[in-house]
2 protein chains.
Amino acid sequence: MPPSHPPANSSLESALQTLRDHQARVTEPRRAILTILTSEHGPFTVEEIYQRIEKGVCDLVTVYRSLAAMEEINLVRRCDFGDGAYRYEFNTGDHHHHHIICRTCRSVKTLDFCVADSLERMARQLGYENVTHTLEIFGVCVNCQKKAARAGGPNPAVPG
Amino acid sequence: MPPSHPPANSSLESALQTLRDHQARVTEPRRAILTILTSEHGPFTVEEIYQRIEKGVCDLVTVYRSLAAMEEINLVRRCDFGDGAYRYEFNTGDHHHHHIICRTCRSVKTLDFCVADSLERMARQLGYENVTHTLEIFGVCVNCQKKAARAGGPNPAVPG
DNA sequence: CCGCCAAATGCAATTTAATTGCATTAATAT
DNA sequence: ATATTAATGCAATTAAATTGCATTTGGCGG
């Protein structure tokens with residue numbers, strides 16, 4: 001019987017290789033963070049990532065620093081849902097995508113395409129370099145609409 | 001001679017009317033904030049707005065609260081340039097636009113059109129209500145590229 | 001014009017995300 | 001194995017934003 005291998009996770013492996021390619025070290029905390037980000041759908045706040053890491057593996061500040069380092073080499077992307085905490089997701093690199101965030105329950109729907117490529121192109125034509133963008137769509141999802149309707153009833157403001 | 005009027009600023013006047021329409025009071029701080037936002041091109045951080053207000057007119061926390069109130073009735077829009085401080089700009093309402101932010105000097109270029117209308121429409125078709133979006137483009141502007149070239153020189157890493 | 005009342009404000013304290021300094025640990029090259 | 005230095009842990013700190021509560025004030029009715 002050959003030695004058992006960890007479950008194949010090519011995203012994780014290539015992410016670790018990307019670290020090496022940038023002279024960044026592959027450490028246990030970074031491996032843990034990337035394992036989460038490559039296996040679970042994000043994006044997650046730093047706190048959320050930290051809580052998913054086996055307790056004791058690393059400090060919260062290490063998650064901050066690791067993510068910052070990973071963002072610099074485009075391993076992860078930072079999103080802003082406008083609620084005061086940045087979120088991170090694994091950067092697949094090839095295909096950009098967008099999110100629709102429910103402004104009530106914070107659920108996230110992923111749209112697997114990007115409308116802003118043309119804008120980035122335009123920015124480059126205007127002379128900008130190193131162009132990126134952030135685009136988030138906000139709304140109230142169907143579930144939350146229903147809940148609101150139930151809670152408020154047909155005549156919300158009229159007592160008795 | 002008729003009594004002198006303050007300089008006509010229809011944006012300001014209609015903004016104040018919007019406040020009244022929402023049963024919000026027209027106070028001196030709010031007038032000051034809206035005067036700034038309707039006359040100067042933003043977006044500005046809360047701190048920046050506060051510093052532009054004549055000293056003593058109001059407290060910083062009032063600027064926070066006023067802007068929050070104004071955002072709720074869509075008088076202003078909040079943007080995120082990803083540097084830890086939200087920025088606000090007057091919401092013209094009719095025509096959405098985008099920004100290109102230099103990630104070095106933070107200069108802002110305004111693009112007077114919007115590519116995300118189609119995305120908002122799609123979100124609505126997916127059942128979302130109250131749909132909005134944020135889209136910011138980041139890059140390094142031509143000026144900062146030149147400065148970097150001068151500072152670094154043709155052989156940045158090679159001393160003497 | 002005067003007074004009422006809720007909305008808005010000022011001030012101080014607080015919360016929370018994120019950052020920094022520094023001593024220690026550990027990953028990688030030799 | 002050893003050296004080098006990036007990465008980490010811990011504690012303290014920064015800075016944006018929020019909250020509580022007493023006070024003020026805008027806009028209303030009389």
Side-chain angles (χ1 to χ4, degrees), chain A residues 13 15-35 42-73 75-88 106 157, chain B residues 12-13 15-35 42-51 53-73 75-88 106 157:
Chain A
E13 284 315 314
L16 298 180
Q17 190 54 48
T18 303
L19 282 178
R20 293 186 196 101
D21 293 347
H22 287 81
Q23 287 78 46
R25 291 178 183 173
V26 175
T27 63
E28 204 189 340
R30 291 177 179 191
R31 197 184 294 267
I33 293 168
L34 284 169
T35 299
F44 301 112
T45 63
V46 177
E47 199 72 46
E48 285 166 347
I49 295 170
Y50 177 61
Q51 282 165 8
R52 267 161 232 261
I53 296 176
E54 200 186 344
K55 198 164 159 46
V57 167
C58 74
D59 194 81
L60 175 62
V61 77
T62 296
V63 184
Y64 273 103
R65 288 196 270 225
S66 296
L67 288 168
M70 293 177 191
E71 200 206 358
E72 234 165 272
I73 59 177
L75 249 184
V76 301
R77 282 200 339 127
R78 195 175 76 169
C79 326
D80 190 327
F81 289 3
D83 62 351
Y86 291 119
R87 283 168 172 78
Y88 291 87
R106 294 282 142 190
Chain B
L12 174 60
E13 285 314 316
L16 298 180
Q17 190 53 48
T18 303
L19 282 178
R20 292 185 197 102
D21 293 346
H22 287 81
Q23 286 78 45
R25 290 180 184 171
V26 175
T27 64
E28 206 189 340
R30 291 176 179 192
R31 196 183 295 268
I33 292 168
L34 284 169
T35 300
F44 302 112
T45 62
V46 177
E47 199 71 46
E48 284 167 347
I49 295 170
Y50 176 62
Q51 283 165 7
I53 296 175
E54 200 187 342
K55 196 163 159 49
V57 167
C58 75
D59 194 81
L60 176 61
V61 76
T62 296
V63 184
Y64 273 103
R65 288 196 269 225
S66 296
L67 287 168
M70 293 177 191
E71 201 207 357
E72 235 165 87
I73 60 178
L75 250 184
V76 301
R77 282 201 338 128
R78 195 175 76 170
C79 326
D80 189 327
F81 288 3
D83 61 352
Y86 290 120
R87 284 168 171 78
Y88 291 87
R106 294 283 140 190

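Side chains are part of it too, since the values below use all heavy atoms of this structure and drop only hydrogens, waters and symmetry mates. Just so we're on the same page: letters track the sequence lines, and every chain starts at 1.
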Rounded interatomic separation in angstrom, taking CD from A:Glu47 and C1' from C:dA17: 9 Å
Could you check how far CG of A:Asp83 sits from C1' of C:dT15, rounded to whole Å? 15 Å
Looking at DNA chain D, which of residues 56-67 of chain B put a heavy atom within less than 4.0 Å of it? B:Val61, B:Tyr64, B:Arg65
Sugar-phosphate only, base, or nothing, as touched by A:Ala69 at under 4.0 Å among non-hydrogen atoms: nothing
Report yes if at least one side-chain N or O of A:Arg25 is closer than 4.0 Å to OP1 or OP2 of D:dT5; otherwise report no. no
Rounded to whole Å, how long is the line connecting atom CE of A:Met70 with atom C1' of D:dA6? 14 Å
Which heavy-atom pair separates B:Thr45 from B:Ala85 by the least distance, and what is that distance? CG2-CB, 4.1 Å
Send over the distance from A:Arg20 CZ to C:dT28 P, rounded to a whole Å. 7 Å
Return the value, rounded to whole Å, for the distance between atom CD of B:Glu72 and atom P of C:dA8. 11 Å
Using atom types as modelled and distance alone, determine if a side-chain donor or acceptor of A:Arg30 lies under 3.5 Å from a backbone N or O of A:Ala24. no
Does B:Val26 or B:Val46 map to a spot on DNA chain D nearer the 5' end, using the closest nucleotide for each? B:Val46
At under 4.0 Å, does any side-chain N or O of A:Thr45 touch on OP1 or OP2 of C:dA17? no
B:Tyr50 atom OH is separated from D:dA15 atom P, nearest whole Å, by 17 Å
Protein-nucleotide distance (B:Gln17, atom CD; D:dG27, atom P), rounded to Å: 11 Å
B:Leu19 CG to D:dG27 C1', in whole Å, measures 14 Å
